[in-house]
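Residue numbers start from 1 in every chain, and the chains themselves are labelled A, B, ... in the order their sequence lines are given, proteins ahead of strands.
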6 protein chains.
Amino acid sequence: MTAAHTPEQVWQTILAETVEAVENEPLLASFLHLSVLRHSSFDRVLAFHLSSKLASAVMDARTLYEMYHQALKTDTTIHDAAIADIIAYYERDPACDAYSLPLLYFKGYHAIQAHRINHHLWLQGRKTLAYFLQNRSSEVFGVDIHPAATFGKGIMIDHGTGIVIGETAVLGDDISMLHGVTLGGSGKESGDRHPKIGNGVMIGANASVLGNIRIHECAKIGAGSVVVNDVPARTTVVGVPAKEVGKLGSIPSQEMDQTLS
Amino acid sequence: MTAAHTPEQVWQTILAETVEAVENEPLLASFLHLSVLRHSSFDRVLAFHLSSKLASAVMDARTLYEMYHQALKTDTTIHDAAIADIIAYYERDPACDAYSLPLLYFKGYHAIQAHRINHHLWLQGRKTLAYFLQNRSSEVFGVDIHPAATFGKGIMIDHGTGIVIGETAVLGDDISMLHGVTLGGSGKESGDRHPKIGNGVMIGANASVLGNIRIHECAKIGAGSVVVNDVPARTTVVGVPAKEVGKLGSIPSQEMDQTLS
Amino acid sequence: MTAAHTPEQVWQTILAETVEAVENEPLLASFLHLSVLRHSSFDRVLAFHLSSKLASAVMDARTLYEMYHQALKTDTTIHDAAIADIIAYYERDPACDAYSLPLLYFKGYHAIQAHRINHHLWLQGRKTLAYFLQNRSSEVFGVDIHPAATFGKGIMIDHGTGIVIGETAVLGDDISMLHGVTLGGSGKESGDRHPKIGNGVMIGANASVLGNIRIHECAKIGAGSVVVNDVPARTTVVGVPAKEVGKLGSIPSQEMDQTLS
Amino acid sequence: MTAAHTPEQVWQTILAETVEAVENEPLLASFLHLSVLRHSSFDRVLAFHLSSKLASAVMDARTLYEMYHQALKTDTTIHDAAIADIIAYYERDPACDAYSLPLLYFKGYHAIQAHRINHHLWLQGRKTLAYFLQNRSSEVFGVDIHPAATFGKGIMIDHGTGIVIGETAVLGDDISMLHGVTLGGSGKESGDRHPKIGNGVMIGANASVLGNIRIHECAKIGAGSVVVNDVPARTTVVGVPAKEVGKLGSIPSQEMDQTLS
Amino acid sequence: MTAAHTPEQVWQTILAETVEAVENEPLLASFLHLSVLRHSSFDRVLAFHLSSKLASAVMDARTLYEMYHQALKTDTTIHDAAIADIIAYYERDPACDAYSLPLLYFKGYHAIQAHRINHHLWLQGRKTLAYFLQNRSSEVFGVDIHPAATFGKGIMIDHGTGIVIGETAVLGDDISMLHGVTLGGSGKESGDRHPKIGNGVMIGANASVLGNIRIHECAKIGAGSVVVNDVPARTTVVGVPAKEVGKLGSIPSQEMDQTLS
Amino acid sequence: MTAAHTPEQVWQTILAETVEAVENEPLLASFLHLSVLRHSSFDRVLAFHLSSKLASAVMDARTLYEMYHQALKTDTTIHDAAIADIIAYYERDPACDAYSLPLLYFKGYHAIQAHRINHHLWLQGRKTLAYFLQNRSSEVFGVDIHPAATFGKGIMIDHGTGIVIGETAVLGDDISMLHGVTLGGSGKESGDRHPKIGNGVMIGANASVLGNIRIHECAKIGAGSVVVNDVPARTTVVGVPAKEVGKLGSIPSQEMDQTLS
C-alpha cells in the first residue's frame with residue numbers, strides 16, 4: 001500500500017483494504033460488510049464499530065450508534081484526530097501494515113476514540129453518560145480513561161490492557177504509550193493532580209507516572225518505571241523510582257525503542 | 001450532596017442521585033430505571049447490576065440474579081460491607097463525588113462485591129460455581145480474586161484492571177489498592193502461601209506482594225514495587241525488590257498519597 | 001483424582017469431573033451439559049467453549065465453532081499441546097486440583113488455546129481472520145498474543161490479564177508465566193525483534209522482557225522486572241533494569257517459586 | 001404414567017418425566033435443567049418458561065420472571081387453574097401423553113397461562129403492562145387475548161395460532177377450543193360486546209363466535225362456522241352462518257369429536 | 001383524552017400518554033424511554049420500534065433502524081398514512097382508547113407500517129430487501145403482505161394474525177379488516193390477479209377474497225366468507241361461497257358491525 | 001433465469017442468485033454471506049438458516065445447526081425432497097421467480113423442511129426433541145405439524161400462517177396448500193385419525209380437512225371449506241360442510257386455481 005496522508009486517502013485506503021479482505025476471507029465477509037462496506041463515511045464506520053463493541057444488555061446498540069455518530073458530526077476535530085491516530089499506528093507499529101488494522105482490530109485505538117467522544121460528552125456537561133461509557137471501555141478494552149482527560153492527536157496506545165489515565169492528565173501530540181501505563185493522581189484531594197505529557201513522549205509498558213508532574217517533550221520513560229518527578233525534554237528515565245539514564249537525539253514516540261537508555 | 005453514613009442514608013442518596021440522573025440524561029433513563037429505580041432495595045439493585053454484567057451466552061441472567069439476591073439475603077454482612085465500600089470510594093477517590101458512582105460505574109467495586117458473594121458460595125461448599133464466577137469476573141472486570149480469599153470491609157480497589165488476589169490472602173479493613181496489584185503465592189505447594197494485609201494499608205499501582213508475608217497496619221507500598229518480606233506498620237516501601245523509604249503518621253489508605261516516600 | 005497422563009486419560013477424567021459437578025451444582029448443569037457432556041470429543045468441547053467466549057454481535061458463534069473445530073481436526077498438534085497445557089496447570093498451580101478447571105475456567109488457558117488456533121490460521125495465510133480473533137482474545141481475556149508468535153507445549157499462563165506477546169517471540173516447552181508479562185519488541189523496525197524463551201523458564205508477574213534477546217533454559221525472571229539483555233540458563237534476574245541475583249538447581253517453571261532469588 | 005390428580009401429583013410427575021427426558025435426550029439437557037429441574041416449584045418453572053418465551057430486546061427476562069413469579073404468589077387461583085389446564089390437555093388431546101408436554105411445548109397452553117397472569121395485572125389496574133404483554137403473546141404465540149377477558153379453569157386451546165378473544169368475553173370451565181377460533185365483538189361501541197361460553201363447550205378450528213351472545217353449556221360449534229346468535233345447551237351448530245344440526249348426549253369438550261353433527 | 005386530528009396533535013398526545021405510562025408502570029419505564037421518550041420525532045419512534053421487533057440474529061437492529069428512518073424521511077406520505085391509521089384505530093376499535101396503543105402494542109398496526117416502508121423499497125427496485133422484510137413481518141406479526149401491494153390510508157387491521165395480501169392487491173382508503181383475512185390470487189399465472197378493495201369496505205375475520213375482483217366502496221364481507229366475484233357498493237355478502245344478504249346505509253369500516261347482515 | 005432441474009442445478013442457481021443479490025443490496029450482504037455464500041453445500045445453508053430462525057435463549061444456535069446438518073447427512077432423502085419443494089414453489093407460485101426465494105424468505109418452505117428433519121428425529125425415537133422443535137416452528141412460522149406426520153415431496157405451503165397437520169396425517173407428492181389449512185383429527189381417541197391426502201391435491205386457504213378420510217388424487221378443496229368425508233379424485237368440493245361442485249381435467253396443485261369450481 002502507498003502511504004496515505006489526508007483523511008480522504010486514509011478512508012479510501014481502508015475501503016480498498018476491506019474489499020480485498022472480503023475476497024480473501026469469507027468468514028469475515030459478513031462482519032466487514034456490516035461494519036465497513038455498507039457505510040458512507042469513516043465517521044459512520046467508527047460510530048458503528050464502537051457501538052458494536054460497547055453495547056450491552058442494558059445499553060442498546062442503536063442508541064450508542066446514533067450518539068457516537070452525532071458526536072462525530074458535532075465535533076469534527078474528533079474525526080481529524082482519529083485519522084491522525086491511524087497514521088500514527090501505521091508509521092510506528094511494525095505489526096501494523098494496513099490502515100484498517102487499528103480501526104478494526106486494535107483495542108488501544110478503540111479506547112482512544114471512545115475516550116475522544118466521551119471527552120466531548122463531558123465538556124457538554126453529560127457527566128453521567130460519560131461515566132457509564134468510561135466503565136464500558138474499561139470492561140471491554142481494559143483501558144480506563146477519565147472522561148475529563150485531555151488528548152492531543154497522533155496518539156498511539158499499543159495493546160492497551162491496563163492503561164489508566166486520570167481526570168486532570170493532559171496529553172500533547174504524537175505520543176506513544178504501551179499497555180499498562182498509568183498516568184495517575186497524587187492523593188485524595190481533588191484539583192489538578194495528574195501528569196502533563198509533552199509532544200513526542202514515549203512511555204514503556206507498565207510504567208507509572210504519578211502526580212501533577214511534567215514529562216517534557218520527547219522524553220522517554222522505560223518499561224516498568226515509576227516516575228514521581230518532572231522529566232526534562234529529550235531524556236530517558238528508568239527504574240522504581242525512575243532515574244535519568246540518558247539523552248535522546250530523536251523523537252522516541254516515533255522510534256519506539258524500548259531499550260532502557 | 002450531604003455525606004451519608006448509615007446504609008439507609010446511602011441507599012436513599014443513591015436513589016436521589018439516580019432520579020436526578022434520569023432527568024438530566026435521557027439516554028440513560030432506560031438503564032437507570034431497569035437497574036435501579038424499579039427495585040425495592042439496595043440488595044436487589046446490586047444483584048441485578050452484577051447479573052447484567054456477568055451473564056453470558058451460557059449463564060442466564062435470571063439464574064445469576066436469583067442466586068446473587070439469595071446470597072445477599074442469606075449473609076447480611078455482605079450488604080454491610082458493600083455499603084462500607086461505597087463510603088470508602090466516596091471518601092478516598094477524588095473522582096468519586098456521588099454514592100451511586102461506584103455502585104453503577106466502577107468495575108473495581110463490582111469485582112469486590114462479586115467476590116464477596118463468591119466467597120460466601122465457597123464457604124457453602126459450592127466450589128465449581130465459585131470458579132465459574134471467578135472466571136467471569138476475571139473476563140469482564142480484569143480482576144481475578146480466588147473465591148477463598150478473605151476480605152474485610154471498607155475496601156477500595158481503584159480502576160481494578162490486572163488485580164490478582166490468591167487463595168489464602170487475607171485483607172483487613174479500610175484497605176486501598178490501585179489497579180495491577182498482585183497479592184500472589186510463593187510456589188507450587190498448596191497451603192497458606194499468600195499475603196496478609198493489615199488495616200489501613202495502601203498499595204500502589206502494579207505493585208506485587210508475594211508469599212505468606214504480613215503487611216502490617218497502615219503500611220504503604222509504592223507503585224510498581226515487588227514485596228517479598230514483611231512490612232512493618234506505618235512504613236513505606238518502594239522498589240524492585242522493595243525497600244523501606246520512610247515512616248507514616250497518617251492512614252495511607254485514606255490519604256491515597258502516591259508519592260514514593 | 002488419580003493423575004492423568006495420556007490425552008485419553010485427561011479427557012475421561014474431565015468427563016468424570018463434569019458429571020460430578022452437574023450432580024453437585026444444579027446451577028451449572030445447563031452450562032456443563034451444553035459445553036461438555038453432550039460432545040463426543042475433547043476437541044469439540046474446546047471448540048465449543050472458545051466459541052462461546054469469543055462470539056459477538058458481529059461474529060456468529062456457529063461460524064467460530066465450525067472454524068475452531070476444523071482447525072483442531074486439521075492440525076492435531078494443537079490437541080496434543082492443549083492437553084499438555086492442562087497437565088502443566090494441574091501440576092504447577094496449587095489452586096488447580098482438577099483437570100477440568102483450566103479447560104473451563106482459566107482464561108490464561110483459554111487465551112493460549114485461542115492463540116494456538118490463531119497461529120495455525122496465520123500459517124495458512126489467513127491474516128485478517130487471525131487479527132480479528134487476536135482482538136477478541138485481547139478484549140475477552142485481556143491477553144494479547146500476536147498470531148505469528150511461536151509456542152511450545154506444556155505452557156502455563158496464570159491469571160493472564162495484561163499478557164502481551166509480540167510477533168517474533170518464540171516460546172519453548174514447559175514455560176510458566178504469570179499475568180502482566182510482556183514479551184515485547186525493541187523498536188519500530190519490523191523483522192525479528194522479540195524475545196526467545198527457553199524450556200523451563202519462569203517469568204514472574206508484570207515482568208517485561210524486551211527485544212530480540214534470549215532467556216536461556218530454566219532461567220527465572222522476578223516479578224516486576226524489566227529485562228533487556230540475554231539471561232543465562234538456570235539464573236534468576238530481578239529489578240528495573242533486571243540484574244542477576246542467583247543461580248537455580250531446579251526447574252523454575254515447575255517450582256513456581258516467586259521469591260526474588 | 002399413572003394419571004395425576006392433585007397439583008402436587010402433577011408437579012411430581014412433571015419432574016419425573018423431565019428427569020427421564022434429560023437422560024434420553026442430551027441435546028435438551030441444558031434446556032431442561034435451566035427451565036425445570038433447578039427450580040423449587042411449579043410456579044417458578046411456569047414463570048421462568050414464560051419469561052424465556054416473552055422476553056425481548058426491550059423487555060428484560062429477569063424483569064418478566066420476577067413479575068410472573070410475584071403474580072403467581074399473589075393470586076394462587078392462577079396456579080390451580082394452570083394445573084387444571086394441564087390435566088385437561090392430558091385427558092382430551094390424544095397427542096398429549098405426558099403432563100410436561102403442555103407446560104413445556106404447547107403454545108396454546110402458554111398463551112392461556114400468560115393471559116391468566118395478564119388478567120391479574122389488568123384487575124390490579126396495570127393496563128399498560130397488560131397491553132404490552134398481550135402484544136408479546138400475540139407475536140410469539142399468535143394468540144391474541146384481551147387482558148380483560150375472563151377465563152374459567154380446565155381450558156384447552158389446541159395449537160392456538162390465530163385465536164382472538166375479546167375484552168368482554170367470558171369463558172366457563174372445561175372448555176376446549178381449536179386454533180383459529182375468534183370470540184369477537186359486535187361493533188365499534190364499547191361495553192359488553194363479546195360471547196359468553198358455557199361449561200363443557202367445544203369450538204372447532206377457525207370458527208368465529210361474534211357478539212354478546214351465549215353459547216350454552218356443552219354446545220358444540222363446528223370448524224369454520226360463524227355464529228352470531230345464542231346456541232342452546234347440548235346442541236351442535238355448523239355453517240356460515242351457523243345452523244343447528246344435532247343434539248349431544250356427552251360433553252363435547254371432553255370428546256373432541258370434530259365431525260359436523 | 002381529547003381527540004387528536006393533526007399529525008402534530010397525535011404525536012404530542014402520544015408523548016403525553018407515554019409520560020403518564022412511565023409514571024404509572026415502572027416495569028415499562030425503561031422500554032418507554034428507550035422506544036419513545038428519548039426520540040425527537042414520531043418517525044424516529046416508529047423506525048426504532050419496528051427495528052426492535054424485526055431485528056434478528058442475522059439482521060442488525062442498527063441497520064434496520066437507519067433504513068426505516070431513511071425511508072420515512074424520503075417518502076413523507078408514509079408518515080401521513082401512519083398517522084391516519086392511528087386515528088382509524090382510535091375511532092373504530094372500542095378496545096383502543098389511546099393514540100399510543102396501536103403504535104406500541106397492536107401488531108396489525110406494526111404490520112401495516114412495515115409494509116408501507118417495504119412497498120417504498122419495492123418501488124425503488126430493492127426487491128430482495130423487501131422479500132427479506134416481508135418474511136420477518138410474516139414471522140413476527142403473522143401478517144404476510146407482498147411488498148408490491150398498494151395501500152391507501154386510514155387502514156385498520158385488527159389483531160392481524162393470518163392476514164395474507166397478494167402482489168397485485170389494491171386497497172383504497174378507510175378500510176377495516178380483521179385477522180385471518182386473505183386477499184389472494186386466482187392461479188399460477190402472473191399478472192393482475194388479486195382483489196381491489198374500495199374505500200370504506202369492512203372485511204370480517206377469516207374471510208377470503210380471491211382473484212382479480214372488485215369489492216366496491218362501503219361493501220361488507222362477513223366473517224369466514226369466501227368471495228370470488230365482484231361485490232357491489234354498500235352490500236353485505238356472507239357464506240362459502242359468499243352471497244348477498246343485505247344493503248348498508250352507513251360506512252361499514254367505521255361501524256365495525258360484525259353481524260352477518 | 002433458466003429453469004433448474006437437478007439438485008446441483010438448483011444449488012448453483014441459488015448461489016448465482018445470491019451473488020447477484022449481494023451486489024445489488026448491500027444491506028443484505030452480511031446476511032447473505034453468513035447464511036449462504038460461505039457454505040460449501042445446500043445442506044449446510046439449509047441447516048444454518050433453519051438454526052438462525054429456530055434458535056432461542058434456551059436453545060443454542062450451534063447445537064441446532066450441528067443437529068440439522070447431521071440429520072441431513074444421515075437421511076439424504078430430506079435433501080432431495082427439499083430440492084423438489086423449491087422447484088414446486090418456483091413452478092406454481094407466480095410471486096416466486098427465483099430458486100433462492102423459498103429457501104431464504106418463505107416461511108411455509110422453512111416449516112416444511114423443519115418438519116422433514118423433525119420427522120426423521122421422531123422415527124429415531126427422539127420424541128422430546130421433536131416436540132421441542134415442533135413448538136419452536138409453531139412459534140416462529142405459525143405452522144404446527146406433528147412430527148409423526150408423513151410428507152411426500154414436491155409440497156408447497158404458501159404463506160403458511162395457521163397451518164395445522166396432525167399426527168397420523170399422510171401427504172402424497174406434488175401437493176399444494178395455502179395458509180390456514182387444517183388436517184385435523186376426529187376425536188380424543190388415539191390411533192389413526194387424520195386425513196390422507198393424495199398426489200396432486202390442492203387445498204385452499206383456511207380449509208379444514210378433519211378425520212381419517214381420504215382426499216383422492218388431484219382433488220381440490222375450496223378456500224374456507226370444511227371437509228369431513230372422503231373426496232373422490234379430480235373433484236372440487238366447497239362449503240361448510242363441503243359439497244362437490246365440479247370435476248377437474250388438470251392437476252389442481254399445479255394450476256393453483258382458487259375459484260370455487
Next item on the list: Output the option from B/Gly211, B/Ser138, B/Gly166 having the highest count of non-hydrogen pairs under 4.5 Å with chain C.
Entry: B/Ser138
Next item on the list: With B/Val237 as reference, evaluate B/Val209, B/Asn229, B/Val231, B/Val226 under the side chain to side chain contact (heavy atoms under 4.5 Å, CB included) test and give the passing residue.
Entry: B/Val231
Notebook entry, point to check: Looking at C/Leu32, C/Thr259, C/Val140, which has the largest count of heavy-atom pairs under 4.5 Å with chain B?
Noted result: C/Val140
Margin query: Can you confirm whether the side chains of B/Thr161 and B/Lys107 place a donor and an acceptor under 3.5 Å from each other?
Written below: yes
Check: Non-hydrogen atoms of chain B under 4.5 Å away: do they reach the side chain of C/Asp257, the backbone, both or neither?
Finding: both
Notebook entry, point to check: Relative to chain C, which segment of B/Ser208 carries a heavy atom at a distance below 4.5 Å: side chain, backbone, both, or neither?
Noted result: side chain
Notebook entry, point to check: With respect to chain B, which residue among C/Ala61, C/Ser35, C/Ala95, C/Ala55 yields the maximal number of heavy-atom pairs within a distance under 4.5 Å?
Noted result: C/Ala95
Item checked: Engaged part of B/Leu129 at the chain C interface, taking heavy atoms whose separation is under 4.5 Å -> both
Next item on the list: Check the side chains of B/Ser137 and B/His115 for a donor-acceptor pair under 3.5 angstrom, ignoring hydrogens and angles.
Entry: no
Notebook entry, point to check: Which region of B/Val228, side chain (C-beta onward) or backbone (N, CA, C, O), has a non-hydrogen atom less than 4.5 Å from a non-hydrogen atom of chain C, or is it both or neither?
Noted result: side chain
Check: Between C/Lys153 and C/Asp174, is there a side-chain N and carboxylate O pair less than 4.0 Å apart?
Finding: no
Check: Considering all heavy atoms of both residues, which atom of C/Tyr68 and which atom of C/Leu133 are nearest to each other, and what is their separation?
Finding: OH-CD2, 3.9 Å
Check: Between B/Gly224, B/Gly184, B/Ala57, B/Gly142, which has the largest tally of heavy atom pairs under 4.5 Å with chain C?
Finding: B/Gly142
Note to self: Between C/His159 and chain B, with a heavy-atom cut-off of 4.5 Å, which part of the residue counts as in contact: side chain, backbone, both or neither?
What the structure shows: both
Check: If you tally heavy-atom pairs under 4.5 Å against chain C, which of B/Val143, B/Thr168, B/Asp144, B/Leu64 wins?
Finding: B/Asp144
Next item on the list: Given salt bridge (Lys or Arg N to Asp or Glu O under 4.0 Å), test C/Lys220 with C/Glu255 step by step and report yes or no.
Entry: CA-CA 10 Å; C/Lys220 169 175 153 185; C/Glu255 296 302 314; over 6 Å; no
Note to self: Is it the case that the ring center of B/His39 lies less than 6.0 angstrom away from the ring center of B/Phe48?
What the structure shows: yes
Check: Can you say whether B/Glu167 sits under 4.5 Å from chain C via the side chain, the backbone, both, or neither, judging by heavy atoms?
Finding: side chain
Checklist line | Side chain, backbone, both or neither of C/Phe141 within contact of chain B (heavy atoms, under 4.5 Å) | finding: side chain
Check: So which part of C/Ser176 gets closer than 4.5 Å to some heavy atom of chain B, the side chain, the backbone, both or neither?
Finding: neither
Check: With chain B, which of C/Asn206, C/Val238, C/Leu34, C/Leu27 has the greatest number of heavy-atom pairs at distances under 4.5 Å?
Finding: C/Leu27
Checklist line | Greatest number of heavy atom pairs closer than 4.5 Å to chain B - which of C/Gln258, C/Glu91, C/Gln254, C/Arg92 | finding: C/Gln258
Notebook entry, point to check: So which heavy atom on C/Arg136 is nearest to which on C/Leu54, and how close?
Noted result: NE-O, 3.0 Å
Note to self: Given heavy-atom pairs under 4.5 angstrom as the criterion, report whether the side chain, backbone, both or neither of C/Leu178 touches chain B.
What the structure shows: neither
Next item on the list: Below 4.5 Å from any heavy atom of chain B, which atoms of C/Leu104 appear? Answer side chain, backbone, both or neither.
Entry: backbone
Next item on the list: Check each of B/Lys73, B/His69, B/His79 against B/Asp43 using the side chain to side chain donor-acceptor pair (under 3.5 Å) test, and report the only one that passes.
Entry: B/His79
Next item on the list: Taking the six-membered ring for Trp and the single ring otherwise, decide whether the centroids of B/His110 and B/His49 are under 6.0 Å apart.
Entry: yes
Item checked: Ion pair C/Arg116/C/Asp85, N-O distance below 4.0 Å -> yes
